[in-house]
Amino acid sequence: MKKLNKIRNILVLTASFLVGCEDGFDTGLDLEPTGAVSETVFWQNENDARLAVNAVYNELDNPQMVIELDGITDIGFRSASNVPTFNDVRLGEIDPSNATITGIWNRYYRGIRKANDVIANIDRIEEGDPEVLARLEAEARFLRAYYYTQLASLWGNVPLILEPLGINDQRPANTKEEIVTFVLDELDDIINSNALPESYSDGNIGRATHGAALTLKARVALRNNMYETVVEATTAVMDLGIYSLYPDYEELFQFAGQNSSEVIFDRQYAVGGNTYGAFAYSAASIGGGSVVEPMHGLFTKYDYNGPVNPDDPFENIDPRWNYTTYYTGQPIGTSTFNSWPTSNTPDRVASTEFSTVYGYNLKKWIDYNTYAANPDIGSINMILMRYADVLLMYAEAKIELDEIDASVYNAINQIRQRPTVEMPVIPPGQSQEELRQILRDERAVELAFEGLRIFDINRWEIGEVKAGLLQGMLYQDQNTGAWEILDYGTEANFVERDYLWPIPQSEMDINDVLDQNTGY
């Protein structure tokens, strides 16, 4: 029998544990054991459990799944210069040997294996506070539920592994419905136990909370059209009274907005611990690599607060476009961004391997003033759940249930009326179909490059929006004065099978009882 070596029972604490807000989660994160740890010396005390749970957090979604994932949808472009295999997904050329999706599958199952180790062994600990140990176990269960949410959303039917496996064990895939049922039951148990607190302080900031469990429940339900459950869970989050919209949309994704009242759950980073290239996803002129670029498909989602100026399509546009995208004429660093074909700056389209390909660069998540001196130490946390999404999930569920009332308009308009956005309110009297489209565009605009667009496209079954000509920036032809859309004639494809990713070929090769997704 072949080895299911991606989800096997080996207790390994990685050498790069997740670190929390500046000082790390709790204490002990400076203790970084490498290699396998013997179970005869582990699971002795509370700190053992803490270290093991920290290792589960280490597999949380990172910039790849937060920023890059939108680059394979209709609103973005993932440059082929670094990791061509993710670009293949964008173009509709995915196959089971795709290295990037294989890595994502492996990471989620590593997290599940680590969580299963905690859940199976934490009761062996005799030295520790029972309440802390119960909380740590609930954190591991929450994280396992998060990883299964992602797996079922991207692959559909996947193996549901709830205990440590023997090295030669193999498991067939469970149905997506079985995975979803498990996740919802697990989250209900966590929520009803009250083992997770509403908030943390100091070094514990970033750990899973009661609000995060409720929000994940709403997310799972929304992705599976369980709208009554969405309303129930999002209402419970709102009723906690501890979350609110951060007033400055741009700052929310910079250092100033870290751990604000809008953030429900995030991947924590810290200088001196876990960091990433702060400008890697942005413009060449600030040392970036243009890894992910906003595209014309995103631009078309934005409303205007005032008339559209045919001589300047960026005038009066929703301010969130300005906070999300670098486009010609915007300040960038100590200069002005200019990516037009006539530019003599490093940002001219396709001028180097680091410059933008399609003309726009990513501004969201870029804190120039904080990281200009050393962009290699990016430590802005990757937000995985935030309050604006809760409001939009609530509004969408009510719209789909045809329970349209003042609370639906209020949820959407709170976001549009954020002090730094201040877009006109959506007036009452909209039809269900009109509100549905308003809500969908609002999600694209508000949540751009937060890793949620692909899941929205798939659950709405509008995959065709990813197909067709890849279109980039609007720019003015210097000879005619006409505004043009940049393209190179590249076409993206989409077929029905693409709603799910293929099971990695490496997994198929070692697991005789797995079936490949249809069409691969």
Side-chain angles (χ1 to χ4, degrees), residues 3-20 24-26 28-29 31-62 64-65 102-125 128 132-152 158-167 169 171 179 182-183 186-187 190 195-196 204 206-208 212-213 216 265-268 273-274 382 384 504 507:
K3 300 177 182 178
L4 184 59
N5 66 352
K6 299 297 186 297
I7 42 180
R8 62 194 181 215
N9 177 30
I10 301 175
L11 179 59
V12 176
L13 298 181
T14 63
S16 55
F17 287 132
L18 175 66
V19 292
F25 289 146
D26 280 344
L29 278 188
L31 305 175
E32 298 183 345
T34 59
V37 179
S38 170
E39 293 193 16
T40 61
V41 297
F42 207 68
W43 304 113
Q44 300 295 311
N45 55 55
E46 183 181 303
N47 197 53
D48 290 343
R50 183 178 296 112
L51 288 170
V53 173
N54 289 346
V56 186
Y57 279 97
N58 197 54
E59 308 304 337
L60 268 175
D61 287 336
N62 51 31
Q64 179 190 57
M65 292 298 289
T102 298
I104 295 167
W105 167 283
N106 291 345
R107 179 167 54 78
Y108 286 143
Y109 270 113
R110 273 199 310 273
I112 289 165
R113 187 260 300 160
K114 293 177 182 181
N116 286 339
D117 284 333
V118 172
I119 296 162
N121 289 289
I122 198 166
D123 286 345
R124 297 167 50 189
I125 293 176
V132 173
L133 293 173
R135 189 204 80 204
L136 289 169
E137 181 179 4
E139 290 177 50
R141 293 172 66 191
F142 166 84
L143 292 167
R144 183 175 65 177
Y146 181 93
Y147 298 141
Y148 271 122
T149 297
Q150 298 293 82
L151 282 163
V158 298
L160 180 61
I161 312 297
L162 301 179
E163 70 285 326
L165 293 179
I167 196 167
D169 287 348
R171 293 291 177 85
I179 303 293
F182 163 75
V183 168
E186 186 82 339
L187 290 171
I190 294 169
L196 295 177
N204 279 314
R207 291 187 178 276
L216 182 57
F265 188 58
D266 58 9
R267 168 75 186 249
Q268 295 266 313
N274 203 202
M382 293 287 108
L384 305 180
E507 201 68 52

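Side chains included, hydrogens not; waters and symmetry mates left out as well; all remaining heavy atoms used.
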Subject >> Where A212 and F265 come nearest, the two heavy atoms and their spacing >> reply: CB-CB, 4.0 Å
**OP:** Determine whether F182 and R144 make a side-chain contact, defined as any pair of heavy atoms from C-beta on separated by less than 4.5 Å.
**Re:** yes
**OP:** Answer yes if the side chains of R50 and N45 hold a donor-acceptor pair under 3.5 Å, and no otherwise.
**Re:** no
Subject >> Heavy-atom pair with the smallest gap, counting every atom of A140 and A115 >> reply: O-CB, 3.6 Å
**OP:** For A52 and W43, work out which heavy atoms get closest and say how close.
**Re:** CB-CH2, 3.6 Å
Original post:
Checking side-chain contact (heavy atoms from CB on, under 4.5 Å) against M65, which of L60, I104, L384 comes through?
Top reply: I104
**OP:** Look up atom CG in D48 and atom CZ in R124, then write down how far apart they are to the nearest 0.5 Å.
**Re:** 10.0 Å
**OP:** Enter the distance from N58:CG to N274:CG here, rounded to the nearest 0.5 Å.
**Re:** 6.5 Å
**OP:** To the nearest 0.5 Å, tell me how far R141 CZ sits from I122 CD1.
**Re:** 11.0 Å
Original post:
Which atoms form the tightest heavy-atom contact between A138 and I190, and what is the distance?
Top reply: O-CD1, 3.9 Å
Original post:
What closest approach, in Å, do P504 and T102 show between heavy atoms, and which atom pair accounts for it?
Top reply: CB-OG1, 3.4 Å
**OP:** With rounding to the nearest 0.5 Å, note down the distance linking CZ in R207 to CG in N54.
**Re:** 4.5 Å
Original post:
Is the shortest side-chain N to carboxylate O distance from R135 to E139 below 4.0 Å?
Top reply: yes
Original post:
Which residue, R113, R107, R267, K114, forms the side-chain hydrogen bond (donor to acceptor under 3.5 Å, both in side chains) with E59?
Top reply: K114
Subject >> Note, V118 side chain near L136 side chain (heavy atom, < 4.5 Å) >> reply: no
Subject >> Non-hydrogen atoms of V183 and Y148 that approach each other most closely >> reply: CG2-CB, 3.9 Å
Subject >> Inter-residue atom distance E163.CD - N116.CG, 0.5 Å rounding >> reply: 7.0 Å
**OP:** Verify side-chain contact (heavy atoms from CB on, under 4.5 Å) between I112 and L151, making sure each step is shown before the conclusion.
**Re:** CA-CA 11 Å; I112 289 165; L151 282 163; 3.5 Å; yes
Subject >> side-chain hydrogen bond (donor to acceptor under 3.5 Å, both in side chains) partners for Y108, two or more places apart >> reply: D61, Q150
Original post:
Side-chain contact, heavy-atom cut-off 4.5 Å: E46 with L133?
Top reply: yes
**OP:** For Q268 and Y57, test the side chains for any donor-to-acceptor distance below 3.5 angstrom and give the result as yes or no.
**Re:** no
